[in-house]
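Chain letters run A, B, ... following the sequence lines, proteins first, then strands; residues in each count from 1. Quick note: numbers below take in every heavy atom, side chains included, and nothing from hydrogens, waters or symmetry partners.
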There are 2 protein chains.
Amino acid sequence: MATIFTHLDDKCPMVDFVNLVSGKWAIPILYRLIVTDDVIRFGALQRAIAPITQKELTKQLRAFETLGLVDRTVYPEMPPRVEYQITELGKTLKPTLDSLADWMREHREQLMQASETNSINL
Amino acid sequence: MATIFTHLDDKCPMVDFVNLVSGKWAIPILYRLIVTDDVIRFGALQRAIAPITQKELTKQLRAFETLGLVDRTVYPEMPPRVEYQITELGKTLKPTLDSLADWMREHREQLMQASETNSINL
DNA sequence: AATAGTAGGTACCAATAAGGTACTAAGGAG
DNA sequence: CTCCTTAGTACCTTATTGGTACCTACTATT
């Protein structure tokens with residue numbers, strides 16, 4: 001999951017990045033919270049990032065809370081209500097993730113075609 | 001590893017992204033190839049992205065080759081020589097990854113401090 | 001009144017991904 | 001002769017992820 005400081009070296013900021021913000025669903029979760037730009041409940045978040053599992057979403061959100069990227073508010077009701085929101089620190093990732101989303105939208109077809117013609121494990 | 005198309009939906013470009021460009025070391029590898037902007041041998045690449053293992057680097061590079069993000073040239077010599085280079089398609093990721101590297105450099109201290117005070121699994 | 005659905009988890013087990021050696025090839029240096 | 005080189009591969013162990021089932025207590029349907 002998140003944050004193994006075994007190799008936080010200056011050599012490569014990306015290695016630092018994967019050590020701090022790791023996990024398959026990390027970027028999709030942060031991106032969804034950023035584009036929402038408001039509080040969002042756990043269930044709504046999960047549906048937006050489908051097919052992430054509850055367990056993974058919980059684990060990642062807790063890690064992001066620890067890093068100060070996400071705020072978590074629990075309402076002691078039944079059934080439970082928990083609201084999440086991107087922090088100011090988390091919002092500083094917006095330009096970067098917007099850029100990544102644009103890149104993906106622009107090159108999705110080409111990438112899919114390449115991997116199909118070169119036959120990859122489906 | 002790379003490319004499971006089970007859930008390539010339009011809902012979230014980031015979910016598409018993690019399905020195409022997946023793996024812990026994917027971003028560090030692409031970033032290193034992009035900043036190098038020239039051919040680089042397997043060993044040099046591995047040392048630059050330490051502590052990645054040979055196996056992981058090989059696996060990811062093959063996946064990127066399939067996606068058309070990386071060129072691979074084998075020289076039938078002994079000891080073997082294999083050179084890798086980012087493609088034009090791969091270079092289109094440069095602004096995005098530069099932005100991510102800048103973000104990491106700018107917020108590294110804050111993130112590390114947050115995770116230390118909030119005590120995370122080391 | 002008994003069941004079904006709700007939302008945010010947790011516990012447990014299976015599947016997958018990643019890491020750690022050791023091994024290979026042909027030649028050159030010591 | 002032995003060691004060292006490089007880009008892998010094979011084999012095995014560990015870490016991460018996914019797939020159910022279960023819990024809480026209230027509300028709506030049957």
Side-chain angles (χ1 to χ4, degrees), chain A residues 1-7 14-15 18-29 32-33 39-66 70-85 120-122, chain B residues 1-7 14-15 18-29 32-33 39-66 70-85 120-122:
Chain A
M1 59 165 299
T3 63
I4 301 96
F5 291 116
T6 325
H7 294 288
M14 293 310 193
V15 175
V18 299
N19 281 328
L20 279 171
V21 183
S22 70
K24 176 176 175 179
W25 296 99
I27 289 177
I29 294 169
R32 181 54 51 180
L33 286 167
V39 295
I40 181 171
R41 295 186 64 171
F42 183 92
L45 191 54
Q46 187 184 3
R47 284 186 290 275
I49 318 173
I52 191 175
T53 61
Q54 280 189 355
K55 193 173 60 172
E56 281 307 300
L57 184 53
T58 300
K59 190 172 61 175
Q60 290 280 8
L61 285 170
R62 295 296 166 83
F64 291 147
E65 194 191 2
T66 302
V70 167
D71 276 335
R72 176 172 182 265
T73 310
V74 181
Y75 296 88
E77 308 169 355
M78 195 59 62
R81 180 160 62 106
V82 182
E83 287 180 346
Y84 293 91
Q85 185 168 24
I120 261 195
N121 48 308
L122 288 195
Chain B
M1 58 164 302
T3 59
I4 303 93
F5 292 115
T6 324
H7 294 287
M14 293 308 194
V15 176
V18 300
N19 281 328
L20 278 172
V21 183
S22 71
K24 175 177 175 179
W25 296 98
I27 289 176
I29 294 169
R32 180 54 51 181
L33 287 168
V39 293
I40 182 171
R41 294 186 63 173
F42 183 91
L45 192 54
Q46 187 185 3
R47 284 186 291 274
I49 318 172
I52 190 175
T53 62
Q54 282 189 353
K55 193 172 62 173
E56 281 308 300
L57 184 53
T58 300
K59 189 172 62 176
Q60 290 281 7
L61 285 170
R62 295 296 166 83
F64 291 148
E65 195 191 359
T66 302
V70 167
D71 276 335
R72 177 173 180 264
T73 309
V74 182
Y75 296 87
E77 307 168 354
M78 194 59 61
R81 182 160 62 107
V82 181
E83 288 180 344
Y84 292 91
Q85 186 168 23
I120 262 197
N121 49 306
L122 290 194

Original post:
Rounded to the Å, how far apart are B/Arg47 CZ and D/dT5 P?
Top reply: 10 Å
Subject >> A/Gln60 CD to C/dG9 P, straight-line distance once rounded to whole Å >> reply: 14 Å
**OP:** Under 4.0 Å between any heavy atoms, over every strand shown, what does A/Tyr84 touch: base, sugar-phosphate, or nothing? Just pick one.
**Re:** sugar-phosphate
Original post:
Over how many whole Å does the gap from B/Ile40 atom CD1 to D/dT6 atom C1' extend?
Top reply: 14 Å
**OP:** Could you tell me the separation between the CD1 atom of B/Ile49 and the P atom of C/dA18, rounded to a whole number of Å?
**Re:** 14 Å
Subject >> Polar side-chain atom of A/Gln60 near backbone of A/Ser22 as donor-acceptor pair, under 3.5 Å >> reply: yes
**OP:** Look at B/Trp25 and C/dA17 and indicate whether a side-chain polar atom (N or O) is within less than 4.0 Å of OP1 or OP2.
**Re:** no
**OP:** Return the value, rounded to whole Å, for the distance between atom CD1 of B/Ile52 and atom C1' of D/dA7.
**Re:** 14 Å
**OP:** Taking A/Glu83 for its side chain and A/Asp71 for its backbone only, find out whether a donor-acceptor pair lies under 3.5 Å.
**Re:** no
Original post:
With respect to the side chain of A/Lys59, which nucleotide from C/dG20, D/dG8, D/dT17 is positioned closest?
Top reply: D/dT17
Original post:
Should A/Arg81 be listed as having a side-chain N or O under 4.0 Å from OP1 or OP2 of C/dT6?
Top reply: no
**OP:** Could you please name the option among C/dA7, C/dA26, C/dG19 that lies closest to any side-chain atom of B/Pro79?
**Re:** C/dA26
**OP:** For residues A/Val82 and A/Leu61, determine if any side-chain heavy atom of one lies less than 4.5 Å from a side-chain heavy atom of the other.
**Re:** no
Original post:
Is the phosphate of C/dG8, meaning OP1 or OP2, less than 4.0 Å from a side-chain N or O of A/Arg41?
Top reply: yes
**OP:** Between C/dG19, D/dG18, D/dG8, spot the one nearest the side chain of A/Thr53, thanks.
**Re:** D/dG18
Original post:
Taking A/Gln46 for the side chain and A/Ile52 for the main chain, is one N or O donor matched with an acceptor at less than 3.5 Å?
Top reply: yes
Original post:
OP1 or OP2 of C/dG19 less than 4.0 angstrom from a side-chain nitrogen or oxygen of B/Lys24, does that happen here?
Top reply: yes
Subject >> Nearest heavy-atom neighbours spanning A/Phe42 and A/Gln54 >> reply: CZ-O, 3.7 Å
Subject >> Residue A/Val82, side-chain heavy atoms: nucleotide from C/dT6, C/dG9, D/dT17 that is nearest >> reply: C/dG9
Original post:
Starting at CD of A/Gln54 and ending at P of D/dT17, how long is that distance when rounded to a whole Å?
Top reply: 17 Å
Subject >> Check: D/dG8 base within 3.5 Å donor-acceptor of B/Lys55 side chain >> reply: no
Subject >> Comparing A/Pro80 and B/Arg72 on DNA chain D - which has the more 5′ nearest nucleotide >> reply: B/Arg72
Original post:
Rounded to whole angstrom units, what separation is found between the CD atom of B/Glu56 and the C1' atom of C/dG19?
Top reply: 8 Å
Original post:
Whole-Å distance between C/dG9 P and A/Glu83 CD?
Top reply: 12 Å
